[in-house]
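Bear in mind that the values here come from a model prediction, so they are computed numbers and not experimental data.
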Amino acid sequence: LFTDRKIYRPGQTIYFKGIAIQYTGDKRDLVTDREFTVYFKDVNNQEVGKQVLKTNEFGSFEGTFTAPFGVLTGQMSIQSDYGSTYFRVEEYKKPKFFAKMDPIEGEFKLGDEIKATGFAEAYAGNKIDGAKVKYRVTRNANYYNRWWYWGWYPQATPKEVISGETITDENGAFKVNFNAVPDETLDKRALPMFTYTIYADVIDINGETHTTSTYITIGYQSLMLSSNVNSEMENDKPFELNIYTTNLSG
């Protein structure tokens, strides 16, 4: 069973389709000219509607139900004795705009000022200017290899580096600047890597809010090296050695 969408508002038409297939071992045949009873069930699995439909020469049938008014919203389903499909019925508004942050490109070292940018744009194509932007930056530490000779490196607690507010300009753009300050309590010999995640909530004049984020990883080293060398190899067979390099953000 299939529906044309995965979310509906109360009162909207739900278009559905079914395909009947008979399995006999590895053989599959379409089931034609056969009646199937299809049930529409609400959030509490109570029957809202029922239809009896017959498959055509292609083994398929189709029909419609109406998403109900005045009932508990949430996950509902269309079911038969041989299959089912699930969808949601919700009171929702179509968003008027979206927000997005640009990937942070370039090479950086700890202590550098990072300049993150983002923008807000309406689905109609116009820029969202003068919107409030609430942002925060968190730092989380991790290790390429958490094991060392004396045991496991400690897991660092995520910490908020900075937070604040700004507004979008006439092009719908905004900026978030912060310093990539490391956690000085961690042992530098372990080569910890710090991931800085920038979150931004963009709120337009009507109160509609959309959240976006991006991240960058910076450490005491600037490159990650890896290879295709196995732990054990036979020296009498030819072997091609591949070495890969990436920055810390992959």
Side-chain angles (χ1 to χ4, degrees), residues 2-10 12 73-75 86-144 156-183 192-219 221-224 226 244-250:
F2 308 89
T3 54
D4 63 316
R5 299 167 62 182
K6 281 299 180 183
I7 185 170
Y8 302 87
R9 289 193 294 268
Q12 284 188 320
T73 57
Q75 182 173 271
Y86 293 86
F87 50 88
R88 299 191 68 84
V89 175
E90 301 283 2
E91 291 280 5
Y92 71 94
K93 294 181 179 180
K94 290 184 178 180
K96 291 185 171 62
F97 75 96
F98 65 93
K100 187 176 182 180
M101 294 204 71
D102 302 312
I104 301 175
E105 299 178 347
E107 295 292 334
F108 300 93
K109 61 180 183 293
L110 291 170
D112 282 353
E113 183 183 31
I114 309 300
K115 298 180 179 181
T117 59
F119 64 93
E121 182 176 323
Y123 286 102
N126 54 297
K127 310 301 181 182
I128 306 297
D129 63 328
K132 181 189 294 186
V133 181
K134 295 182 179 181
Y135 63 84
R136 62 189 179 94
V137 180
T138 62
R139 180 190 65 208
N140 194 21
N142 55 78
Y143 304 87
Y144 179 70
T157 303
K159 180 181 179 181
E160 185 173 288
V161 175
I162 192 175
S163 63
E165 292 186 5
T166 185
I167 59 172
T168 57
D169 62 18
E170 65 275 8
N171 297 315
F174 62 89
K175 299 178 181 178
V176 178
N177 298 340
F178 66 95
N179 290 322
V181 180
D183 186 345
M193 299 179 293
F194 302 98
T195 299
Y196 301 87
T197 306
I198 304 96
Y199 302 93
D201 297 325
V202 182
I203 309 165
D204 73 354
I205 57 174
N206 298 314
E208 184 176 329
T209 303
H210 294 283
T211 300
T212 180
S213 65
T214 189
Y215 74 93
I216 183 172
T217 301
I218 307 174
Q221 77 278 33
S222 61
L223 290 177
M224 296 286 288
S226 60
Y244 310 94
T245 63
T246 67
N247 64 20
L248 300 189
S249 294

What pairs with Glu105 under side-chain contact (heavy atoms from CB on, under 4.5 Å), at least two apart in sequence or on another chain? none
With Asn126, which residues qualify under side-chain contact (heavy atoms from CB on, under 4.5 Å), at least two apart? Ala122, Ala124, Ile128
Within 45 degrees of the ring normal and closer than 6.0 Å to the centroid, is that where the cationic atom of Arg136 sits relative to Tyr199? yes
When you look at [atom1] of [X], are more than 12 heavy atoms from neighbouring residues, nucleotides or ligands closer to it than 6.0 Å?
{"X": "Phe87", "atom1": "CZ", "answer": "yes"}
{"X": "Lys6", "atom1": "NZ", "answer": "yes"}
{"X": "Leu223", "atom1": "CG", "answer": "yes"}

Distance, nearest 0.5 Å, that separates CD1 of Ile218 from CZ of Phe108: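 These two atoms lie 7.0 Å from each other.
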Contact between Phe194 and Asn142 at the side-chain level, heavy atoms closer than 4.5 Å - yes or no? no
Would you check if Phe97 and His210 make a side-chain contact, meaning some heavy-atom pair closer than 4.5 Å?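 Side chain of Phe97 against side chain of His210, heavy atoms only: contact under 4.5 Å found.
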Intermediate values then yes/no, ring-ring contact (aromatic ring centres under 6.0 Å, His included), Phe98 and Tyr123: CA-CA 7 Å; Phe98 65 93; Tyr123 286 102; 5.4 Å; yes
Just checking, is any N or O donor in the side chain of Thr209 or Asp201 under 3.5 Å from an acceptor N or O on the other one? no
Counting distance only, does the side-chain N/O of Thr168 pair as donor-acceptor with the main-chain N or O of Gly130 below 3.5 Å? yes
